[in-house]
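Heavy-atom basis, side chains included; hydrogens, waters and symmetry copies ignored.
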Amino acid sequence: VQLQASGGGLAQAGGSLRLSCAASERTFSGYFMGWFRQAPNKEREFVAGINQSGDLTYYADSVKGRFTISRDNAKNSVVLQINSLRPEDSAVYYCAAGQFYSILYSYIRSSNRYAYWGQGTLVTVSS
């Protein structure tokens, strides 16, 4: 599956951004979807995940209450709504797809579970 992320940009602290990820695969609904981010000189980290049917979502503690992940299987897309932006949210954001079924946070937060990655979209938050 090919993934195309978009929606990044420059925003002020406290503002919002909406990141989108479009998938090429007609079997998109069979993939667990995740968003990761990587800031300069830092490791890639899990941000949010959503299961195949969209009824289970997972968030890193640092983004809970501010980020919302959703998916539209009919449109082969997943969205990350980011509110209350903070300068520390600045990073390249990647969407990723994995062919697994799991409800364990420890499992789905590992980047190694995801076989397919988008190219990333840059989010810069000014203070």
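Closest approach of A60 and Y105 over heavy atoms only: CA-OH, 3.5 Å. Residue I108 comes nearest to Y114 through the heavy atom pair O-OH, 2.6 Å, listed as atom of the first residue, atom of the second, then distance. Smallest separation of non-hydrogen atoms from G120 and V92: CA-CG1, 3.8 Å. Minimum interatomic distance between V79 and S20 (heavy atoms only, all atoms of both residues): CG2-OG, 4.0 Å.
The ring-ring contact (aromatic ring centres under 6.0 Å, His included) check on Y31 picks up Y116, with sequence neighbours excluded. Taking the salt bridge (Lys or Arg N to Asp or Glu O under 4.0 Å) definition, one finds that R37 meets it with E45, D89, sequence neighbours left out.
Between L19 atom CG and S6 atom OG the span is 8.0 Å, to the nearest 0.5 Å. In this structure, CE on M33 lies 9.5 Å from CG on N73, to the nearest 0.5 angstrom. In this structure, OH on Y107 lies 4.5 Å from CZ on R113, to the nearest 0.5 angstrom. Taking OH of Y59 as the reference point, atom CZ of F67 lies at 10.5 Å (rounded to 0.5 Å). Here the straight-line distance linking atom OG of S127 with atom CZ of R86 works out to 14.0 Å at 0.5 Å rounding. Note that the CG atom of L3 and the OH atom of Y94 stand 13.0 Å from one another [nearest 0.5 Å].
For E88, the CD atom sits in a packed shell: over 12 heavy atoms of surrounding residues, nucleotides or ligands are nearer than 6.0 Å. The environment of I103 atom CD1 is sparse: at most 12 non-hydrogen atoms of other residues, nucleotides or ligands sit within 6.0 angstrom. Within a 6.0 Å radius of CD in Q12, other residues, nucleotides and ligands contribute 12 heavy atoms or fewer. Atom CZ of R66 sits in a crowded spot, with more than 12 heavy atoms from other residues, nucleotides or ligands closer than 6.0 Å.
Put simply, the side chain of F36 does not reach to within 4.5 Å of the side chain of C95, judged on heavy atoms. W35 is not listed as a side-chain neighbour of I50, based on a closest heavy-atom distance of 4.5 Å or more.
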Please evaluate residues L80 and R18 with respect to the criterion side-chain contact (heavy atoms from CB on, under 4.5 Å), reporting the C-alpha separation (whole Å), side-chain torsions for both, the decisive distance (0.1 Å), and the verdict. CA-CA 6 Å; L80 185 69; R18 183 179 174 88; over 6 Å; no
Run the numbers on Y58 and F46 for ring pair (Phe, Tyr, Trp, His ring centres under 6.0 Å), then give the verdict. CA-CA 10 Å; Y58 305 79; F46 172 80; 7.5 Å; no
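Judged by distance alone, the side chain of S90 and the main-chain N or O of V125 form a donor-acceptor pair under 3.5 Å. Between the side chain of Q52 and the backbone N or O of F100, at least one donor-acceptor pair lies under 3.5 Å. For N51 (side chain) and L56 (main-chain N/O), a donor-acceptor pair under 3.5 Å exists by modelled atom type. A donor-acceptor contact shorter than 3.5 Å links the side chain of T121 to the backbone of G8.
A cation-pi arrangement is present between R71 and F28, with the terminal nitrogen or guanidinium carbon under 6.0 Å from the aromatic centre and inside a 45° cone about the axis.
Among V78, V63, V47, the one residue that satisfies the side-chain contact (heavy atoms from CB on, under 4.5 Å) test with I69 is V78.
At a cut-off of 3.5 Å, with distance as the only test, a side-chain donor of S16 or N83 sits close to an acceptor on the other residue.
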